[in-house]
Amino acid sequence: MSEREDGGLTRVELLFLNERIERSIRFGRPIAEQVQDRRRRTVMFAPGAVFAFVRWRAGDFGTVDSRIAVLRAVGAGMPFTTYPEVSPGAEILLDVAGSTKVQAVFEAIDGVERIGVRPELAAPDYWRHVGARVGVGLQPRPYLRRRHRAWLLRRSFLS
């Protein structure tokens with residue numbers, strides 16, 4: 001489907017095969033959804049929307065792949081990076097692999113939610129920070145209310 005046909009939306013293909021493959025959204029607000037069957041669906045995000053995409057796969061002896069990416073949906077004419085199961089692609093804010101690193105990102109997401117902020121509304125720079133720190137085995141700094149206020153002020157000046 002071309003960008004014109006899908007209205008400039010970012011499409012994410014989700015899948016659930018019990019105890020084998022799971023591709024899901026951890027946070028984010030899709031604006032539309034298409035259900036193909038009981039195991040497959042496609043969710044669509046408006047340009048600028050931030051979401052977390054989790055990919056997990058198991059083999060005969062346990063987990064063989066565990067990944068999480070925090071992505072920002074792109075609009076027409078915006079630069080993007082291709083990403084598996086995401087069409088046409090997205091701006092990658094965070095991309096980590098490995099159970100320990102994925103768990104650290106889940107903990108960072110939980111920390112943002114604990115202060116009453118929806119993770120998709122947190123500063124995009126924070127997700128870059130989390131990805132950089134977790135990627136080298138360091139603890140990310142917590143997301144604080146004052147950081148969120150600063151982001152909201154900066155965003156209002158950018159608009």
Side-chain angles (χ1 to χ4, degrees), residues 1-16 21-36 40-57 65-98 101-113 115-136 138 140-159:
M1 184 177 284
S2 75
E3 198 169 63
R4 281 199 178 135
E5 291 170 357
D6 67 12
L9 301 177
T10 297
R11 303 166 58 86
V12 183
E13 304 293 328
L14 306 180
L15 175 66
F16 179 79
I21 299 172
E22 184 174 342
R23 295 192 305 245
S24 61
I25 299 297
R26 170 57 177 86
F27 68 76
R29 304 263 172 166
I31 62 167
E33 177 178 11
Q34 292 175 339
V35 177
Q36 284 84 24
R40 295 178 307 136
R41 63 191 175 106
T42 302
V43 292
M44 276 90 40
F45 292 91
V50 174
F51 58 95
F53 181 36
V54 179
R55 297 184 298 151
W56 174 86
R57 191 167 44 95
D65 189 28
S66 180
R67 298 172 174 272
I68 186 168
V70 176
L71 306 168
R72 182 165 29 194
V74 296
M78 294 175 63
F80 62 87
T81 303
T82 58
Y83 197 82
E85 313 307 330
V86 177
S87 176
E91 178 186 356
I92 300 172
L93 304 176
L94 172 154
D95 188 17
V96 299
K101 292 177 182 180
V102 169
Q103 184 58 42
V105 172
F106 283 152
E107 290 169 10
I109 293 168
D110 291 344
V112 171
E113 291 174 331
I115 65 165
V117 175
R118 292 194 340 239
E120 65 270 20
L121 300 179
D125 290 345
Y126 180 68
W127 299 120
R128 289 185 187 100
H129 160 79
V130 171
R133 299 279 294 198
V134 168
V136 295
L138 298 174
R141 292 182 191 93
Y143 192 70
L144 304 174
R145 286 198 151 289
R146 69 176 177 254
R147 183 175 189 161
H148 189 63
R149 278 193 301 274
W151 159 242
L152 293 176
L153 285 170
R154 188 172 70 211
R155 188 178 66 182
S156 70
F157 286 119
L158 296 174
S159 301

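This is a predicted model, so every value here is computed, not measured.
Within 6.0 Å of the CZ atom in Arg141, the count of heavy atoms belonging to other residues, nucleotides or ligands does not exceed 12.
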May I have the step-by-step check of ring-ring contact (aromatic ring centres under 6.0 Å, His included) for Trp127 and Phe27, ending in yes or no? CA-CA 13 Å; Trp127 299 120; Phe27 68 76; 5.5 Å; yes

As a quick check of understanding, evaluate side chain to side chain contact (heavy atoms under 4.5 Å, CB included) for Val54 and Phe106, giving each step before the final call. CA-CA 10 Å; Val54 179; Phe106 283 152; 4.0 Å; yes

Mind running side chain to side chain contact (heavy atoms under 4.5 Å, CB included) on Met78 and Glu91 for me, showing each step along the way? CA-CA 9 Å; Met78 294 175 63; Glu91 178 186 356; 5.5 Å; no

Check the pair Met44 / Gln34 against side chain to side chain contact (heavy atoms under 4.5 Å, CB included), numbers first and verdict last. CA-CA 8 Å; Met44 276 90 40; Gln34 292 175 339; 3.9 Å; yes

Run the side chain to side chain contact (heavy atoms under 4.5 Å, CB included) test on Phe80 and Thr10 for me, step by step, so that the C-alpha distance in whole Å, both residues' side-chain angles and the decisive distance to 0.1 Å come before the verdict. CA-CA 11 Å; Phe80 62 87; Thr10 297; over 6 Å; no

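For the atom pair NE2 (His148) and CZ (Arg118), the distance works out to 9.5 Å, reported to the nearest 0.5 Å. For the atom pair CD1 of Ile109 and CG of Leu94, the computed distance is 8.0 Å after rounding to the nearest 0.5 Å. Note: Leu152 CG to Arg147 CZ = 12.5 Å, rounded to the nearest 0.5 Å.
Across all their heavy atoms, Val43 and Pro30 have their closest contact at CB-CB, 3.9 Å. Across all non-hydrogen atoms, the minimal contact from Gly135 to Lys101 is O-NZ, 3.2 Å. Among all heavy-atom pairs drawn from Ala122 and Val117, the shortest one is N-CG1, 4.3 Å. Closest non-hydrogen pair, Ala108 versus Pro140, comes out as CB-CG, 4.5 Å. The two residues Pro88 and Leu9 make their nearest non-hydrogen contact at CD-O, 4.0 Å. The minimum heavy-atom distance linking Ala104 with Val134 is given by the pair CB-CG2, 3.9 Å.
Between Glu85 and Arg55 no salt bridge is recorded (no basic side-chain N to carboxylate O distance below 4.0 Å). Taking the charged nitrogens against the carboxylate oxygens, Glu113 and Arg26 do have a contact shorter than 4.0 Å, which makes a salt bridge.
Across Ile25, Leu71, Thr42, a single residue satisfies side-chain contact (heavy atoms from CB on, under 4.5 Å) together with Val12, and that is Ile25.
Residues Ser24 and Trp56 are not in side-chain contact: their nearest non-hydrogen atoms beyond the backbone lie 4.5 Å or more apart. Inter-residue side-chain proximity for Leu14 and Phe53 is flagged as met; some heavy-atom pair is nearer than 4.5 Å. Residues Val105 and Val130 meet the side-chain proximity criterion, which asks for heavy atoms closer than 4.5 Å.
Taking the six-membered ring where the residue is Trp, Phe51 and Phe45 present parallel rings, their angle staying beneath 30° rather than reaching 60°.
Within the 3.5 Å criterion, the main-chain N or O of Ile115 finds no donor-acceptor partner in the side chain of Tyr143.
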